[in-house]
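Here's the structure, in C-alpha cells; my notes come after.
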Amino acid sequence: MQLRRNLILLVDDDPADRHLFEEACRELQLDVIVQSVSNGAEAVAYIKGEGIYADRTRYAYPSFVITDLKMPVADGFVTLEHLKKHPQWRVIPTIVLTNSSDQNDVQKCYLLGASSYHVKPTSPEGLHRLVRLIYDYWGACERPCADPTGRHIPTLSEGKLGARFTQLE
C-alpha cells in the first residue's frame with residue numbers, strides 16, 4: 001500500500017519531547033512533515049488557519065493531530081473540545097500522547113472524541129515503536145478529502161449508503 005505524505009500537528013509544550021518525536025520520525029525515515037505548537041490555543045489557531053498559521057503553504061492543514069494533555073495556556077482538552085464542537089474538523093484523527101495514565105483523563109479524552117490515547121514511552125525504543133505504529137495505522141487510513149484550508153470537499157451521496165446523513169457544511 002502506498003502511503004500519501006502526511007502532516008502531523010504535534011501539540012506539546014515540552015521542547016525535548018517535541019524534539020524526540022521529530023527525531024524518531026527522521027530516524028524511522030517516515031514520509032511525514034511535523035508541525036509543532038506548544039499548547040491547545042496554538043493548535044486551535046493552526047487548525048483554523050488563523051494568525052501566523054493563515055499561510056497554508058507554510059502551515060499545511062494537518063492529516064492528524066497528536067496532542068499532549070498537561071500544558072500551560074490551554075491544555076490538550078481544549079484542542080479536543082474544539083474539534084468535537086466543529087463538524088468540519090471532527091473528522092481529523094486526534095491522538096493523545098501524554099504522561100498521564102489517569103483513568104479520568106483517558107475517559108474524558110475519548111468522550112471528547114480522541115481517536116486513541118497513549119502514555120508516552122519512557123525509552124527511545126518505546127517511542128520509536130509507538131511512532132511507527134501511529135504512522136503505519138493512521139497513514140494507511142482513508143480520510144475525507146479536504147482542500148488546503150481544511151474545508152471538506154462535498155461528495156455526492158445521493159443513492160449511496162450514507163445518503164441519509166447530512167453533508168458537513
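Owing to the predicted nature of the structure, the values given are computational and were not obtained by experimental measurement.
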Checklist entry - Can you get from F64 to V131 by hopping between Ile, Leu, Val, Met, Phe, Trp and Tyr side chains that sit under 4.5 Å apart? => result yes
Item to check | ILVMFWY network linking V32 to Y137, side-chain heavy atoms under 4.5 angstrom | outcome: yes
Next on the checklist: Set out, in order, the CA-CA distance, both residues' side-chain angles and the distance that settles side chain to side chain contact (heavy atoms under 4.5 Å, CB included) for L28 and H128, then state yes or no.
Outcome noted: CA-CA 7 Å; L28 292 166; H128 279 69; 3.9 Å; yes
Item to check | Results of ring-ring contact (aromatic ring centres under 6.0 Å, His included) for H82 - residues two or more places apart only | outcome: H86, W89
Next on the checklist: Any non-hydrogen side-chain atom of S38 less than 4.5 Å from a side-chain atom of R18?
Outcome noted: yes
Checklist entry - Does some side-chain heavy atom of K48 sit less than 4.5 Å from a side-chain heavy atom of Y53? => result no
Checklist entry - Between D12 and K120, is the closest basic N to carboxylate O distance under 4.0 Å? => result yes
Item to check | Verdict with reasoning, K84 to E81, per salt bridge (charged side-chain N to carboxylate O under 4.0 Å, His left out) | outcome: CA-CA 5 Å; K84 185 172 178 85; E81 285 176 316; over 6 Å; no
Next on the checklist: If you count every heavy atom of other residues, nucleotides or ligands that lies below 6.0 Å from E27 atom CD, does the total exceed 12?
Outcome noted: yes
Checklist outcome for this item: Interatomic distance, CG@N6 vs CD1@I134, rounded to 0.5 Å, equals 12.0 Å
Checklist entry - Taking all atoms of both residues into account, what is the closest heavy-atom pair of F21 and L127, and its distance? => result N-CD2, 4.1 Å
Item to check | Nearest non-hydrogen partners of S63 and P93, listed with the distance | outcome: O-CD, 3.5 Å
Item to check | Pairing residues for E22 by the side-chain hydrogen bond (donor to acceptor under 3.5 Å, both in side chains) criterion, not counting sequence neighbours | outcome: S36
Checklist entry - Is it the case that more than 12 heavy atoms not belonging to E50 sit under 6.0 Å from its CD atom? => result yes
Checklist outcome for this item: Closest heavy-atom pair, V34 versus C25, reported as atoms and distance to 0.1 Å, is CG2-SG, 4.0 Å
May I have the list of side-chain donor-acceptor pairs in residues 69-79 shorter than 3.5 Å, sequence neighbours left out?
| unit_1 | atom_1 | unit_2 | atom_2 | d |
| --- | --- | --- | --- | --- |
| K70 | NZ | D105 | OD2 | 2.7 |
| D75 | OD1 | F77 | N | 3.0 |
| D75 | OD1 | V78 | N | 3.2 |

Checklist entry - Regarding R129 and the six-membered ring of Y135, is the cationic atom NZ or CZ under 6.0 Å from the ring centre and inside 45° of its axis? => result no
Item to check | Heavy-atom donor-acceptor pair, S115 side chain to I95 backbone, under 3.5 Å | outcome: no
Next on the checklist: With heavy-atom distances below 4.5 Å as the criterion, would you say the side chains of V11 and D68 are in contact?
Outcome noted: no
Next on the checklist: Distance check, rounded to the nearest 0.5 Å: Y61 atom OH versus Y46 atom OH?
Outcome noted: 10.5 Å
Checklist entry - Linking I/L/V/M/F/W/Y whenever their side-chain heavy atoms sit closer than 4.5 Å, directly or via other members, would L80 and Y117 fall into one cluster? => result yes
Next on the checklist: Is there a continuous path of hydrophobic side-chain contacts, each under 4.5 Å between heavy atoms, that joins L83 to Y59?
Outcome noted: yes
Checklist entry - Is there a side-chain contact between N99 and V119 (heavy atoms, below 4.5 Å)? => result no
Checklist entry - Do W138 and I8 come within less than 4.5 Å of each other through their side chains, counting heavy atoms only? => result no
Checklist entry - Are V106 and Q103 close enough that some pair of their side-chain heavy atoms sits under 4.5 Å apart? => result yes
Next on the checklist: Run the side chain to side chain contact (heavy atoms under 4.5 Å, CB included) test against R58 and tell me which residues pass, sequence neighbours left out.
Outcome noted: D55
Checklist entry - Does I47 reach the side chain of I92, with side-chain heavy atoms less than 4.5 Å apart? => result yes
Checklist entry - Under a single-linkage definition using a 4.5 Å side-chain heavy-atom cutoff for Ile, Leu, Val, Met, Phe, Trp and Tyr, are L133 and V96 assigned to the same hydrophobic cluster? => result no
Item to check | Which residues share a side-chain hydrogen bond (donor to acceptor under 3.5 Å, both in side chains) with H118, sequence neighbours left out | outcome: S116
Checklist outcome for this item: Across all chains, not counting sequence neighbours, the side-chain hydrogen bond (donor to acceptor under 3.5 Å, both in side chains) partners of R132 are D136
Checklist entry - Is the closest side-chain heavy-atom distance between L97 and T67 below 4.5 Å? => result no
